[in-house]
Amino acid sequence: MTLRELLRGLDGWLIGAALGLCALSVVTLALTTPNLVPGSPLYLAKHQLIWVVVGLVVMAIMMWVPHTLLRRFRWLIYGLTLAMLMVVLVHGQSVLGAQRWINIGPFQFQPSEFAKLGVIIILADLLEKKRGAIRTLRDMAPAIAIALVPMLLVIKQPDLGTALVIAGILGVLLYEAGGSGWKILALYGGTAGFVVLLVWLHVQAGFPLPLHHYQVTRLLAFVNPNADPLGTGYNLIQSEIAIASGHLTGVGVTEISSLISFLPAADTDFAFASLGLVGGLLAMVAALGLYAVVVGRTLVIAHQETDGYSSLIVLGAAALLTIHVFMNVGMATGIMPVVGVPAPFISYGGSSVVTDFAALGLILSSRLHRVHLSFH
Amino acid sequence: MPQGERQRRIRILAVFGLLLAALLVWRVLAVSLVLGPPLVQLGDQFRIRTMPVAAPRGAIYSRSGKLLVTSEPSFAAYYFRVGGPPSLGEQKTLEADLGITPQAMTKALFIFSTEPSLPVVLKSGLSPSELTQLLQGLPELPGVFVNPQPVRNDLLGSVGGQMIGYVSRVTAPELAAWKLPGLTAASVVGQTGLELAYQNQLFGRPGGEKVEVNANGLPVKVLGTTPPVPGDSLTLTISKTLEQISAKALLADMAMLRKQYGSQSAVLSGAVVVVDIHTGAVLSMVSEPSYNPNAFAQGISTAAYQALAQNPGLPFLNRAVQTASPPGSVFKMVTAMAGLTAGKITPTSTITCLPRYWRPPYPYNWLRRTSTGPNTLVKAIAQSCDTYFYAVGHRVGINAIADWAHKFGFGHPTGVDLPGEVAGVIPTVAYYEKQYGSLYPGLAYSVAIGQGADEVTLMQLAQYIGALATDGTMVKPYLVQQIKSPSGKVLFNATPQIVGHISAPLAYWSVIRQGMIDVTTPGSIPGPGGTAGGAFVNFPMQVAAKTGTAQLPGGVKGGQGYMTFFISYAPANNPQIAVVSTMQTVSMVAGGMIARAIYDAYFHLHDPNPPFPQVVTPTTPPTTPAQTAATAAP
């Protein structure tokens, strides 16, 4: 495949929207963290830019690799994913109480981000083989088991957000492969109900839960943030204040510096609220629009796909991005608990940005190789 | 599964996606336009915090304007963070940078368990070099800042420690009970004595620094400062010199007794009160053993506190007002007045003073082995003849004595402006019947000599002797003469309060006065001498007095010994001040020499035979008070 062919495989809408989101991210970071690192102005903005470039390279590689190749090495990829998650648990760097990072040379690397892709690649194969024959819960069991292992590993870190993202991807893929929508909904609803019951028992009667105390309080704070405005509800209240302070077009540069200091994790978990503060309603609506373009185009590509395995891969990537957007924006606006999921292309962080671009690569690969096949 | 079905499912998923998108758009709009704006208004309450800055407590001055208690400017390193203490790692850094122990850190941060948004003192009393060092290093210590921390300094030290009282960090119940503007869990409040009684005046109004805190609750910017308003100052009726002399004389007498009786003096304690007879102004009030309020000024260690709390001499107890005990013979003037006014005795009638009172069924003994012959009231007071007063008690009865005791102010608090004053007990027939079911024969004899169930305070005795000196004028004792605002404006000026006048024929007052003058007349008993004659040999001023000794439960040896009282006023013919004292000791007579030293100092008499020349020399300026306070009782 030539570079020309590779370039032709690029989807203008998809890439344009993603780069637009990256631009919003870099500008927001530049305005909110101009002097975060002493002696190195615009540290985060510059680094985010570097991650975008790295992400584009990774995207190109993922594009170039046909899905068939990934499928062949699926167990290796899955095994590597699990191995990395275990390494994190044993040797990981702890930041703010969660053990999510491992050091590779000068870089910190968050395997849970890449784990989502590994899960998509292996689930797509498993479900493609069972396509149309997923009728009962027992038919779903192998896929659930495959997804559950990395989920439990990330919950242990503890990273509830990533576990929920993987669960979401699993649900979408089960449906796409012909699973009964109602049964999937019943399975998820039942599990959610069971968890709520367990938490209720935990709070009321001290029933032991394998969750960290802060995870339980965050779940409770989601129900009533004002119960503890300086504790666990603080994040959400500050997020809503940041969003509303931005009004229509955002606040001035001098106001940003004083207001942003109240927003916790302003560059990562609450990047969307940062965007709202800096760019107002306009920027937030623009970002949501760009996300809609990314997901919409991905669904179109999936719709056009003729190969079932590739369709599952593309849809898995779409689910990943969609769930991230929904959880992150939902978290910033109070319809999701604060579980720390990055906003695709907007939240600062190498692992997150590179994973988002890798997901784009998976999507574009489908398109490229399909185009390749049909024209040659 | 056919291609069409797969595509249909993708379309259904797309609809799902659209629903999620709609939900997000609705939510973003809702937060941005409806839910968020009120929070923006409220945001200030989360971001902008007022960090209290303690106000210096009002100063306390002596009657002549000498400083007794100050709030000295001092600087402390505080830690302020909204929402909770620093992390363990940050604590380690702070401990190293400030040079404090982990224990001190834990103790300092304890406040976070109840009050998550108050500054805590990490290190008090910073030296100038520490201050400079810290101010330079502050940018690297988030949450740490330096603010003034007024430190209470009682210049009298342990002298009159219970009267002044101590200050310490407010407790949770106090925080709820005190309605002081600006009071927070970090405030320091008066706990006892005048510091407690005049809390509202001394406390002042804490200031505040409005600070903006960041997402981690750490202050990032000071937005404005409200300076603290110092508390109002008190000018006491207390004379600093007399206060110190009283303490020295009391301690010297106690030391002498301890030397004389050694281990027998199981509990040795005492108190002295000096009062202006005409106004009720308290000139001096000491109680020993005492404690130094300064030990509490910057927080007392548990060990030091335990040592004070477990001292058998009860150093926290103000023996002038907070305890009552049987008065013994100092009570006899009450019985005398009851007898005179009831017509059961006259100023000239006599009763033979036998060593035993033989009225059946029980013999009541007096301490003397031989009769002192027929006694007039004057002689009976001067030589404290018990059998004379047994007879008077027998004639007038318990209730008549109780009536007169109440007239003299016993049985209810004097109303002196100190916390914890007790009322004491004046028994009546009804009281005994209620307590014991019936009266045993001869109970009136005990009551007549102040050895029944009666309990009086030293403050009541001061008021009582004042009434005896002024033919029946009862004045209310008080300690605070003036309250001034920080700008010097007089907010309150005490005027003497006459709370009663006891009417009785002048002849009765004067016969009792004569008896009390004879108490201090040197000479032998049964000769012309009085019970305190020995203490006033060659004293250049005539003093009217009465001694009293009540036996405490448990006997002398191994028991609590005696409670002795000495009540007096001088000059006898032109009464000015009253000196009353009490001591719990194994000696039967005590207090005369203390009073002698105090009169000598007050009236500048240049006593030819000063009782405690080595410690009480009024012509030389007072030296550092003896610090034997907390260890007085072995």
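Just so it is clear, the model here is predicted, and its values are computed rather than measured. Numbers restart at 1 for each chain; the letters A, B, ... are given by sequence-line order, proteins then strands.
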Open item on the list: Is there a side chain to side chain contact (heavy atoms under 4.5 Å, CB included) between B:L35 and A:I243? Walk through the geometry before answering.
Closed with: CA-CA 10 Å; B:L35 301 170; A:I243 287 173; over 6 Å; no

Task: Residue part contacting chain B, namely of A:A302, when any heavy atom lies under 4.5 Å - done: both

Open item on the list: Please classify the contact of A:Y291 with chain B as side chain, backbone, both or neither, using a heavy-atom distance under 4.5 Å.
Closed with: neither

Task: Segment of B:A14 engaging chain A (4.5 angstrom heavy-atom cut-off) - done: both

Task: Exercise: identify the closest heavy-atom pair between B:L24 and A:G330 - done: CD2-N, 3.9 Å

Open item on the list: Show the nearest heavy-atom pair for residues A:T333 and B:V31, with the distance to one decimal.
Closed with: O-CG2, 3.5 Å

Open item on the list: Are the side chains of A:V172 and B:F16 in contact, using a 4.5 Å heavy-atom criterion?
Closed with: no

Task: Residue A:V295 versus chain B: region with a heavy atom under 4.5 Å - done: neither

TODO: Side chain from CB out, backbone as N, CA, C, O: work out which of these in A:V285 comes under 4.5 Å of a heavy atom of chain B, or both, or neither.
DONE: neither

Open item on the list: I'd like to check B:L33 versus A:L281 (side-chain heavy atoms, cut-off strictly below 4.5 Å). Are they in contact?
Closed with: yes

Task: Contacting moiety of A:T306, where chain B heavy atoms sit under 4.5 Å - done: both

TODO: Keeping the roles fixed (side chain from B:R6, backbone from A:E305), state whether a donor-acceptor pair exists under 3.5 Å.
DONE: yes

Task: Nearest-0.5 Å distance, CZ of residue B:R27 to CE of residue A:M284 - done: 12.0 Å

Task: B:R9 (side chain) donor-acceptor with A:E176 (main chain) under 3.5 angstrom - done: no

TODO: State the CG-CE distance between B:L23 and A:M336, to the nearest 0.5 angstrom.
DONE: 10.0 Å

Open item on the list: If you define the side chain from C-beta out and look only at heavy atoms, does anything of B:I10 sit under 4.5 Å from A:S311?
Closed with: yes

TODO: Please name the pair of heavy atoms, one in B:P37 and one in A:A244, separated by the smallest distance, quoted to 0.1 Å.
DONE: N-CB, 3.5 Å

TODO: Take B:L13 and A:L315, measure what side chain to side chain contact (heavy atoms under 4.5 Å, CB included) needs, and give me the verdict at the end.
DONE: CA-CA 9 Å; B:L13 284 172; A:L315 214 58; 3.4 Å; yes

Open item on the list: Tell me if a side-chain donor or acceptor on B:Q7 pairs with a main-chain N or O of A:H303 at a distance below 3.5 Å.
Closed with: yes

